[in-house]
There are 2 protein chains.
Amino acid sequence: MDVKTVCLGMLSDGEASGYDLKKQFESSFGHFFAAGFGSIYPALSSLADEGLVRCTDVPQEGRPDRKVYTVTDQGHQHLLKALENPAPSHKVRSEFLAMMCFAHLMRPQQIEAVLDNRLEETDRYLKMFDEFETSCMEDWPQGMKFVLGFGKAIMQTITQYIDENRHMLLEEGKSEHRTASA
Amino acid sequence: MDVKTVCLGMLSDGEASGYDLKKQFESSFGHFFAAGFGSIYPALSSLADEGLVRCTDVPQEGRPDRKVYTVTDQGHQHLLKALENPAPSHKVRSEFLAMMCFAHLMRPQQIEAVLDNRLEETDRYLKMFDEFETSCMEDWPQGMKFVLGFGKAIMQTITQYIDENRHMLLEEGKSEHRTASA
DNA sequence: CGCAACATGTAAGCGGTTACATGATTAC
DNA sequence: GTAATCATGTAACCGCTTACATGTTGCG
């Protein structure tokens, strides 16, 4: 399940351009699968080369041609095969948690800043999820709703956990730094 | 915050070999920062080249020399600088969630298998966390406890969410595949 | 006037994964 | 006997990120 496969999946919900897919990667897929233009465009070219998608050029005035991609039968088959993996990965790479492991080496101010930034990002996601719910979610397949709910549950847990446990990092652990300035 | 910096941080809690660090990457850091030998050994060499750690060879019988690394003053300063980043990242890359977005293209059996595998992995982590709590957690710095609790909260949320919402993916969405064999 | 949105791409580079290479000891 | 643990490394590869390159339209 690399960027290519996810693009193929997105296209199986309806034709789209690379630019369109980017927007989807930023919004509904943003919290668990990031991808930039530098991944998407080559992915689409490659899918086209393999005959898994077909590309239609839609000429436009004052802009580059819009390249609209559609899944082929072969592409659909390929997608179904990719979905047969019974143990797909779920990986977290968190500088945030790594940093918090060494909180005893940081000043309380720094820790607070890091925590607040994390809460902010989490909140941005929660707000985005709310917008989805009040607008476009109706016509989504069940899977997308499941994934949205998953993201929401995680973000709520993070918010709550930080709120309830930030004191752990601030109260003690002044052994190394002492609170005052050196 | 790459593997190098995390290694530096781990070493700041006490000297260790690459092999020791690997074990830490698998256990306490496993759920948010994976690293294999192929990343760790080059990272340590590089840290040593830059003078951020010092390496002591401990000869052994029947094994390669154990190379024990210690943080230098310079290394400590470097670590403190790395910890000044006020907005460390927290990234998820989930084939699992990507796949669930396209659950309507999968057979119920497949979906169940994927869900069960996810629950299993989550459970493995929860059991590991429990072991930490009943044994070695006492002497950990507050930050490590915070991170452990964070992981536990997330894993519990995932478990609960899947249990409570798996029906979403199974009940309907039979539009594309139909339940029976084609 | 400047910035965001629209629209597509290339190429270098980086960081991490995987596979390979070696080999003794200990526990089942 | 066979697997796991101890112990270190290299090198190829892969996939993604970042920066570069280009240009129009429309809004505030």
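Given the structure is predicted, the values throughout are model-derived calculations rather than measurements.
Between D49(A) atom CG and dG9(C) atom P the separation is 12 Å, expressed in whole Å. In this structure, the CD1 atom of I40(B) is 11 Å from the P atom of dG16(C), given to the nearest Å. Between the C1' atom of dT10(D) and the CG atom of L44(B) lies a distance of 15 Å, rounded to the nearest Å. When the C1' atom of dC14(D) is taken as reference, atom NZ of K4(A) falls 12 Å away, rounded to whole Å. Distance D65(B) CG to dA24(C) C1': 14 Å, rounded to the nearest Å. Atom-to-atom, CD of E26(A) to C1' of dA5(C) comes out at 11 Å; the value is rounded to the nearest Å. Counting to the nearest Å, the C1' atom of dG16(C) and the CE atom of M1(B) are 17 Å from each other. Separating the CZ atom of F25(A) from the C1' atom of dC16(D) is a distance of 12 Å, rounded to the nearest angstrom.
Distances shown here put every side-chain N or O of R93(A) at or beyond 4.0 Å from the OP1 or OP2 atom of dG15(C). Applying the 4.0 Å criterion to OP1 and OP2 of dG9(C), one finds that S45(A) has every side-chain N and O outside that range. Remark: S39(B) is in phosphate contact with dT17(C), judged by side-chain N or O atoms under 4.0 Å from OP1 or OP2. At the phosphate of dA7(C), OP1 or OP2 sits under 4.0 Å from a side-chain N or O atom of Q60(A).
Under a cutoff of 6.0 Å and an axis angle of 45°, R54(A) and Y69(A) do not form a cation-pi pair.
Of the two residues contacting DNA chain D, namely V3(A) and R63(A), the nearest-nucleotide position lying further toward the 5' end is that of V3(A). Comparing K91(A) and D20(A), the nucleotide of DNA chain C nearest to each residue sits closer to the 5' end for D20(A). Along DNA chain D, the nucleotide nearest K23(B) and the nucleotide nearest A34(A) are compared for position; the residue whose nucleotide lies closer to the 5' end is K23(B).
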Run the numbers on T159(B) and L119(B) for side-chain contact (heavy atoms from CB on, under 4.5 Å), then give the verdict. CA-CA 6 Å; T159(B) 302; L119(B) 284 175; 4.1 Å; yes
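Among dT8(D), dT8(C), dT17(D), the nucleotide with an atom closest to any side-chain atom of K67(A) is dT8(C). Checking dC16(D), dT10(C), dA5(C) against every side-chain atom of Y19(A), the shortest atom distance belongs to dA5(C). Of the candidate nucleotides dT10(D), dT8(D), dG16(C), dT8(D) has the atom lying nearest to any side-chain atom of R66(B). Relative to the side chain of Y41(B), the nucleotides dG16(C), dA7(D), dA5(C) differ in distance, and dA7(D) lies closest.
Side-chain contact of Q160(B) with E164(B): a donor-acceptor pair under 3.5 Å is present, judged by distance alone.
The residue E61(A) sits apart from the nucleic acid: no heavy atom pair falls under 4.0 Å.
Ring geometry, F29(A) versus F25(A): the interplanar angle exceeds 60°, so the pair is classed perpendicular (tilted spans 30 to 60°).
In this structure, CD on Q74(A) lies 9.0 Å from CD on Q77(A), to the nearest 0.5 angstrom.
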